[in-house]
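Each chain gets a letter, A, B and so on, in the order the sequences are listed, and its residues count up from 1. Excluded from the calculations below are hydrogen atoms, water molecules and symmetry mates; all remaining heavy atoms, backbone and side chain alike, are included.
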Amino acid sequence: MKPYDHKKIEKKWQQYWARHKIYTTPDTAPGKDNFYLLVEFPYPSGNLHVGHWYAFAVPDILARKMRMEGKNVLYPIGFDAFGLPAENAAIKHGLNPRTWTEKNMTYMTKQIQSMGASFDWSRKVSTIDPAYYKWTQWLFLQLYKKGLAYQKETAVNWCPKDKTVLANEQVVNGRCERCDSEIVQKQMLQWNVKITDYANCLIDDLDTLDWPEQIKESQRNWIGRSEGAEIDFKIARSEESVTVFTTRADTLFGCTYLVLAPEHPFVIAALKKDGPFAGITNADEVGKYVASADKKTELERQESREKTGIELKGVKAINPANGEAIPVWVADYVIGSYGTGAIMAVPAHDERDFEFAKKFDLPIRHVIAPRVVDERNPHRPGKDVVFRKTILGIVRDPATNKFLCLRWKKHPWTTFVVGGVEEGESWVEAARREIHEETGYTNLKLVRSLGGPIYTEFFAAHKDVNRIALGTSVLFELDANTTREEVRADETAAHEVVWLDPLELTWDRMTHAELDIVLSRIHSAGSAYTGDGILADSGEFTGSTAEEARRSLTQRYGRSKTTYRLRDWIVSRQRYWGVPIPIIHCASCGTIPVAEKDLPVRLPAVRDYLPDGSGRSPLAKAKTFVNVKCPKCKGKAQRETDTLDTFVDSSWYFLRYADPKNKTRFADTKKLANWMPVDLYSGGAEHTTMHLLYSRFWHKALYDLKLVRESEPYTHRMNRSIILGPDGQKMSKSRGNVIDPDEVVRTLGADTVRMYLAFIGPYNEVSSYPWNPDGVVGVRRFLERVWRAQEYVGAKNVPELEVPLNKTIKKVGEDIAAMKFNTAIAQLMMFLNDIEEYKAVEKKQWAAFLKLLAPFSPHMAEELWSLSGKKKSIHLEGWPEYDEAKTRDATITIAVQINGKTRGEARVAAGASGEAMEAAAKQSVAQRLDGKEIVRTVAVPGRLVNFVVKG
RNA sequence: GCCGGGGUGGCGGAAUUGGUAGACGCGCACGACUCAAAAUCGUGUAUCGCAAGGUGUGAGGGUUCGAGUCCCUCUCCCGGCACCA
């Protein structure tokens, strides 16, 4: 037997497959269903890394298996060749980006081909090909004509190092996603596309997709839908009003001031003594504040959360619910770009407003009472419901840190001082009165009211009524002025005064839930209650639930409104290496799209493509490119010089694969119908809220333009894991832990690398796996054992292998379909172990085994196939079938348990009856059962027998 | 803080969806071959214990004849969002 020479074998078969074009995929194949397996196309960065292998060589296993099963599988590849990384590298090496990129593509194509993946290279696309970007431009113009692409001057993210604008999605924690520079905000005129028009269906349609929950949830978070209301606040002495967005319309009666973002148009106007707030008396100070807020970078805003702000003096707004005139503030905790850029502040029920109100001493009004139901004493049906305002008088002795309590003589409980609030009495007055009446203490020092009322429902047995108590607690302390007077005899008869630690309270007249709230309020300096509950002090709405009130108050004082965190996608980039935006600016005719016949607008070769930081693309310096005739008036006009974000290129590349050479359309409708939607899209988790979201939006826009037939591009999506260095850290040159796949392929072979990566862990779960050099060698060892097993082939009769083989065919098929390549390989290893054990395998059994191996190690399988005398490629063979009956052993081992603990084993026939199993089981644990009474026997066919015994 | 995912040997990971926990591989130990080493092959390898026998799937509780799997409480790790009203 010749030794296993992977170099020779892999080269030989890669050439053979290319020569015979066995992976060229027809648009349709008679009698075969189409299956579209997509992987994210790579940047031509110059070198293939292990991640590329993991991304391309492992899904290839599925592609190959499905082909053998009789599917017409499209597994295409291309290059996402425009963009910053390529351009920056080109600048660094002093080359033209095109030369550099094309050289990389040539080199990487060879590298990818060394994987032995079944890509259909005849469908290769490259985004820098004018025949491709012609259609990128065309599609952009379709969006433009539909009003989905527009130019707007807004505050944008500017990367000072890359000297270009970035989309929100490309800014991570205030830094550039690519170069990690701190992003600054700039006011610039930019091309946007209206992804926000699709925010709703981008969220809703997630429900229709068979995607991992994690990806869906990330997209939902990113889009950030929030349902609430817009409410108009009239401005005093003005006809105009400020519109706020809130999700808590139920707290409207608790709104004690308004806050506008520093960027709010009314604020900007007020600084110029204009607009509804023209009457402010402190414009200078407000101006200073706005300027300082403006200067803050995104990072500074995130780092310092200290509340700052300034009141607009001399103006008031009117709370529409209670008609109260309330102050108006400007603060940068309100963001101009979200909602309406203005909020109604409800400090009692919003943590940020609370913090702000504390700092600037603004009033806090409680309007939502937490609802507590006494579960031991619930309302009884048929009894009257009596509503009562109650007060809880809490007195702390600072010397001992104990609390004044009453121990009741007739009841087994201890309580704080509790009583009703009388007509016209304030909470504090009521509390003082009750404490005085019941304990004699007077002249107590008021500490504070404890954060608004609590709504408690219970059955008051002593009064035989269902009680609803709206209880407010007030905290006092003993101090030098405090005196104690005589208490009435009936009070002393009812209870005695004790000083207790709150933990010692045994309070049966109140729930623990309520007590918890009160205690936490005693111990914290106060906080906002942001939960739901029952409305208090809210006029006619008092008593309704927060949920009802959100609806009714919205209806009365505002209107329902849904807002999104998602911003429109800024697609213009001030860089050279991208698709020119096909627009002409004419001084008299305005913005004119380039006519279809003039597409593509070619990216000109220029000498100087370095960005100069002026905020204009290097293309602006290419005079012959810029200066054109206006298509409309034939006057002087200029081309748009910004280029498109590369995420535009990649938003439709999967459509081009269906018809990559079409000259008259981005892809033929019929050919699109053959392949779309993508059946399975495998890619990296880093694209979840970028490429994956952009391309869903783009596709939906094309769907509305009737250019594609489905509203979602990808039926099934899976995120791939990450391969780490051998040290368990992310591979990086500086750490010196980078594995060069070319080198491993040289020493161990492509088949080994493919199979190792498939074996490293389940492919359909997101995780990270360290590259284990010993593990790769282990896989190589397996392949060499396969190679040596040739010597056993040709045995005449090996029935012992029949069940293992059928099991293996079943398991490998199922596991590949589920993307659990690791367990499929484990099963192949087990079968090889069996062959080695018997030192024999029939030709037919060997052939089936090779077919199972073919998707994983296509070269070796092909070589062994050909060595066994076959002429046709193994990859054109059918997937082996199994006989269900032969996947089960004739005799099986069952577990024997006593009281659920495994105590022995028994051998029984596969189809053994319960009685037969029991009998065999009983025998195997006879000693342990001796003298014990079997109370119950559980027999699970094919699994186990469990004896439940006593004694 | 909110939302999503997860925690199993020394390591990567298995476990037919409630039925013998640790498949398969790596590593390690011992043995065979060898002057020796490598390669290869064989045996063993959750843990405590000489053994009988215990104990074990992040922690604690519950349901069940039986729990890695279901329920409750907590904890830690990963990911998304976060001054978003």
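Across all strands, Arg928(A) comes closer than 4.0 Å only to sugar-phosphate atoms, never to a base (heavy-atom distances). Looking at heavy-atom distances under 4.0 Å, Glu905(A) makes contact with a base. Counting non-hydrogen atoms under 4.0 angstrom, Arg225(A) reaches nothing in the nucleic acid. Arg888(A) comes within contact range of no nucleotide atom at all, as no heavy-atom separation falls under 4.0 Å. When heavy atoms are screened at a 4.0 angstrom cut-off, Lys307(A) is found touching base atoms of the nucleic acid. Heavy atoms of Gly224(A) sit nowhere under 4.0 angstrom from any nucleic acid atom. Looking at heavy-atom distances under 4.0 Å, Pro762(A) makes contact with sugar-phosphate atoms alone, never a base. At a threshold of 4.0 angstrom between heavy atoms, the contacts of Tyr769(A) are confined to the sugar-phosphate backbone, with no base atom among them. When heavy atoms are screened at a 4.0 angstrom cut-off, Asp353(A) is found touching no nucleic acid atom at all.
Partner assigned to C41(B) is G31(B), using Watson-Crick or G-U wobble distances below 3.5 angstrom. Using Watson-Crick or G-U wobble geometry with both donor-acceptor distances under 3.5 Å, C50(B) finds no partner in any strand shown. Nucleotide A82(B) has no partner under the Watson-Crick or G-U criteria, as no pair reaches both atom distances under 3.5 Å. Nucleotide U73(B) has A59(B) as its partner under the Watson-Crick or G-U criteria, with both atom distances under 3.5 Å.
Rounded to an integer number of Å, the gap from Leu757(A) CG to G13(B) P is 14 Å. U64(B) atom P lies 15 Å from atom CG of Asn899(A), rounded to whole Å. Atom P of nucleotide C81(B) and atom CD1 of Ile335(A) are separated by 15 Å, given to the nearest angstrom. Summarising the geometry, the separation between CZ on Phe947(A) and C1' on G19(B) is reported as 15 Å, rounded to the nearest angstrom. Asp834(A) has its CG atom 10 Å from the P atom of C24(B), to the nearest Å. Per the geometry, CD1 belonging to Ile722(A) stands 9 Å off P belonging to G79(B), to the nearest Å. Rounded to whole Å, the distance from NE2 on His687(A) to P on G80(B) is 14 Å. One can place CZ of Arg903(A) at 18 Å from P of C65(B), the figure rounded to the nearest angstrom.
In this structure, Ser767(A) does not reach the G12(B) phosphate: none of its side-chain N or O atoms is under 4.0 Å from OP1 or OP2. OP1 or OP2 of A85(B) has at least one side-chain nitrogen or oxygen of Tyr338(A) nearer than 4.0 Å. Of the side-chain N and O atoms in Arg781(A), one or more sit less than 4.0 angstrom from OP1 or OP2 of C26(B). Phosphate contact (OP1/OP2 of A39(B), side-chain N/O of Arg780(A), threshold under 4.0 Å): absent. The side chain of Asn833(A) places an N or O atom within less than 4.0 Å of a non-bridging phosphate oxygen (OP1 or OP2) of G25(B). Taking only side-chain nitrogens and oxygens, Asn221(A) never comes nearer than 4.0 Å to OP1 or OP2 of G4(B). Note on Thr688(A): every side-chain N or O is 4.0 Å or more away from OP1 and OP2 of G80(B). Of the side-chain N and O atoms in Thr530(A), none sit less than 4.0 angstrom from OP1 or OP2 of A85(B). Taking only side-chain nitrogens and oxygens, Lys901(A) never comes nearer than 4.0 Å to OP1 or OP2 of C65(B).
Aromatic rings of Phe360(A) and Trp329(A) (six-membered ring for Trp) have centroids within the 6.0 Å cut-off, being under it. Proximity of the aromatic rings of Phe856(A) and Phe759(A) is defined here by a centroid distance below 6.0 angstrom, and this criterion is not met.
For the P atoms, the distance linking U43(B) with A36(B) amounts to 23 Å, nearest Å. A gap of 16 Å separates the P atoms of U8(B) and G60(B), to the nearest Å. Separating the C1' atom of A39(B) from that of G5(B) is a span of 44 Å, rounded to the nearest Å. Distance check on atom P: A14(B) versus G7(B) gives 10 Å, rounded to whole Å. Spacing between C2(B) and A67(B) at atom C1', rounded to whole Å, works out to 31 Å. Between U75(B) and G61(B), the two C1' atoms lie 15 Å apart (nearest whole Å). Nucleotides G18(B) and C28(B) have their P atoms positioned 39 Å apart, rounded to a whole Å. Rounded to a whole angstrom, the distance from the C1' atom of G9(B) to that of A29(B) is 16 Å.
In the set C26(B), A23(B), C41(B), A23(B) carries the atom at the smallest distance from any side-chain atom of Met830(A). Counting only heavy atoms from C-beta on, Thr902(A) has its side chain closest to A21(B) among G12(B), A21(B), A85(B). Listed nucleotides: C83(B), U20(B), C81(B). Nearest to the side chain of Trp222(A): C81(B). If you check G19(B), C65(B), A23(B) against the side chain of Arg936(A), the one that comes closest is C65(B). Relative to the side chain of Asn822(A), the nucleotides A14(B), U40(B), G4(B) differ in distance, and A14(B) lies closest.
Annotated as anti: G31(B), whose O4'-C1'-N torsion sits more than 90° from 0.
When the shell of 6.0 Å around CD1 of Ile739(A) is examined, it contains more than 12 heavy atoms from other residues, nucleotides or ligands. Residue Glu547(A) places its CD atom among 12 or fewer non-hydrogen atoms of other residues, nucleotides or ligands, all under 6.0 Å distant.
Between the side chain of Asn946(A) and the base of C65(B), at least one donor-acceptor pair of N or O atoms lies under 3.5 Å.
The nearest heavy atom of RNA chain B to Leu944(A) and to Val938(A) marks one nucleotide each, and the one closer to the 5' end goes with Leu944(A). Each of Arg565(A) and Ser768(A) lies near RNA chain B, and the nucleotide nearest Ser768(A) is the one positioned closer to the 5' end.
Relative to the ring axis of Trp53(A), Arg754(A) does not place its NZ or CZ within 45° and under 6.0 Å from the centre. For the pair Arg780(A) and Trp787(A), the cation-pi criterion (under 6.0 Å, within 45° of the ring axis) is not fulfilled.
Qualifying side-chain contact (heavy atoms from CB on, under 4.5 Å) partners for Ser913(A), counting only residues two or more places apart in sequence or in other chains: Glu915(A), Ala916(A).
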Walk me through whether Arg781(A) and Asp774(A) qualify under salt bridge (charged side-chain N to carboxylate O under 4.0 Å, His left out). CA-CA 10 Å; Arg781(A) 250 191 317 251; Asp774(A) 290 323; over 6 Å; no

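Rounding to the nearest 0.5 angstrom, the gap separating the NZ atom in Lys839(A) from the CD atom in Glu836(A) is 7.5 Å. Considering CG of Leu206(A) and CD1 of Ile215(A), their distance stands at 10.0 Å, rounded to 0.5 Å.
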